[in-house]
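These numbers come from a predicted model, not from an experiment. Numbered from 1 within each chain, the chains take letters A, B, ... in sequence-line order.
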Amino acid sequence: MTNHEIARVLVNIADILEIQEENLFKIRAYRKAADSVYHLDEDIRNLYQKDRIGDIPGVGKAVKAKIEEMLEKSSCEYYEGLLSQVPAGVLEMLTIPGIGHKTVKIIYEQLGITSIAELVQAVNDKKIRTLPGMGEKSEYNIQKGIELLKENTGKFNLGLALPLAEEFLEYLMTSPDIECGSIVGSIRRGKPLVSDIDILVASHNFARVIEYTRAYKYIKKVTDVKEDSISGELGDSVKFEVIMVAPRDYYYKLIWTTGSKPFRSKFFTNIPEQELSGLASESELFSRQGLKYIPPELREDRGELETAKEGNLPQLISQSDIKGDLHVHSEWSDGAEKIQDMAAAAQKLGYQYIAITDHSKSLTISGGLNEERLSAQSRVINALNENAKDFCILRGIEVDILKDGTLDFTDDILERLDVVIASIHSNFKLDKELQTERVLKVIKNKNVNIIGHLTGRLLNRRKGYELDLDKVLEAAAKNNVVLEINAHPDRLDIDEHVARKTRDYGIKIAINSDAHHKEDLNLMIYGILNARRGWLTPDDVINTWDKDKLLEFLQKKKD
DNA sequence: GCCGTTTTCGGCCCGACTGTTTTCAGTCG
């Protein structure tokens, strides 16, 4: 079993225990262990071989035994036992916004419902409102929650799909029958939600490639085999298709299978078939059409063909441009690591700086810092910086935006910091006008550098809160406030459309990982892809700048 | 169920909002 699969089982155990109203701390222990396993920076099987499962934070004797059992037998007796009491379909209901463990318990026990499909029927039959503590409003909210889930059925977050696709491609490339290959489709375009993994490979022997593909260890089932393709499902029900093509047709097909449908139909009109074969690169075909190379992320028919014709495509930002990460948590609030460990991990990535931006006091659940702990943290950071070579830890905060648009800390506290990110973590349901006013008030605060995850959306889970974005962008531009592209693949907030608008407004962007674990620093790539889809260049993004230029920019805000 | 810079036992993450209620329970961050 993989790290993610084991983490999933541990979370499910916690969920079942919670439905069964077990000891809260025991439940929390399982969740903490699951979180640690999920964020491990190496394959858990390696740890197992070195007999180091017990070294994982939050994994003690009991959980260690269960993990080892899963690694040995691909199953866990304790978990199977729990599932016989609370079926997996019941756990699925927990994904519906507004439904928690208590509600699931009542729905399961009193109505015998064990799947979302049955729940839909119960909502239609107006049965939910008959349950204790539930009414018409709750029933309506459940219905809305299910509808939101359904909007995205079958779509996977890029954070799940991209690593799976990369690993799959890596495997395929070890086949002696495959000359070259690439991830294609919406993953190559960096879309935040994708419906499947598409991989294109060039080969002279399709039959052998099909056999080689079938042998991939993570394939759960093969659903369709054609002469030049094989499709099926990997773990987590992620669908895949491997498309085979003769080597002479590879680059033409690479463009064909990468672009969106509108892009493809526009680009391939009027290209004679004989020009498509025997290309040496994608650029060759673009160039023959009188176009500059169009990066995959832009191939959506949103003006890129016209702009490429004029030779005016922006030089898009890439990962190597990033010089630091301006939104990083530590164990001082809800992060898992020490400041020095996050810094070391960032330095390993080649960064020049990170900003430690822990939560502020209102976010009690996250162990938000009060004034005293914030200054204690600053002293720790100063000390670390004294001994640092070619690296700088910036003193920051992710300060909570309160309901009325005031901040969790007074100006004299904020102005002493290097970076101030202001974020909303409460009152998501304010109406559009009030929510907009709330954000505008923050933007006008001279100590605020960055607005974190602007709309609060969670892909596949929660829509962003209501905001008048044009007013927000206007104010951000006027007040020199930076907007964050939160690189967490669940957020990618601001989205690509808003990102593209910021260029016209002259607003600067920070692409931040919002890391809570060392491993999360690597989430930066999703932010980069999102920024590329928003046509952003390195100069649009402040964390591509050198430390001095960055600090001068942040300081200027306060003057 | 995990953990220990006074601890191997007794702590461990709280508070606002919502919807159901007439004083509170459940969800969420």
Q | B/S/- contact track for nucleotides 17-29 of chain B, protein heavy atom under 4.0 Å | A | S-SS-----SSSB
Q: Provide the full list of salt bridge (Lys or Arg N to Asp or Glu O under 4.0 Å) pairs with a residue in residues 378-396 of chain A, sequence neighbours left out, each pair given once.
A: A:Arg395-A:Asp418
**Q.** Residue list, salt bridge (Lys or Arg N to Asp or Glu O under 4.0 Å) with A:Glu136, at least two apart or on another chain
**A.** A:Arg129
Q: Just grab all the salt bridge (Lys or Arg N to Asp or Glu O under 4.0 Å) pairs involving residues 446-474 of chain A, residues at least two apart or on different chains.
A: A:Glu151-A:Lys463, A:Glu415-A:Lys446, A:Arg461-A:Asp490, A:Asp470-A:Lys501
Q: Kindly write out the residues that satisfy side chain to side chain donor-acceptor pair (under 3.5 Å) with A:Thr406, not counting sequence neighbours, or none if the list is empty.
A: A:Asp404
(Q) Quick test of your reading: applying salt bridge (Lys or Arg N to Asp or Glu O under 4.0 Å), list the pairs with at least one residue in residues 67-90 of chain A, sequence neighbours left out, ordered by first then second residue. (A) A:Lys64-A:Glu68
Q. In chain order, what residues pass the side chain to side chain donor-acceptor pair (under 3.5 Å) check against A:Tyr38, with sequence neighbours excluded?
A. none
Listed pairs, N/O of protein and of nucleotides 4-8 of chain B, under 3.5 Å:
none

Q. Which residues satisfy the side chain to side chain donor-acceptor pair (under 3.5 Å) test with A:Glu92, sequence neighbours excluded?
A. none
Q | Contacts of A:Asp125 that satisfy salt bridge (Lys or Arg N to Asp or Glu O under 4.0 Å) - sequence neighbours left out | A | none
Q: Would you jot down, in residue-number order, the residues of residues 329-339 of chain A having a non-hydrogen atom under 4.0 Å from DNA chain B?
A: none
(Q) Using the side chain to side chain donor-acceptor pair (under 3.5 Å) criterion, which residues pair with A:Arg373? Sequence neighbours excluded. (A) none
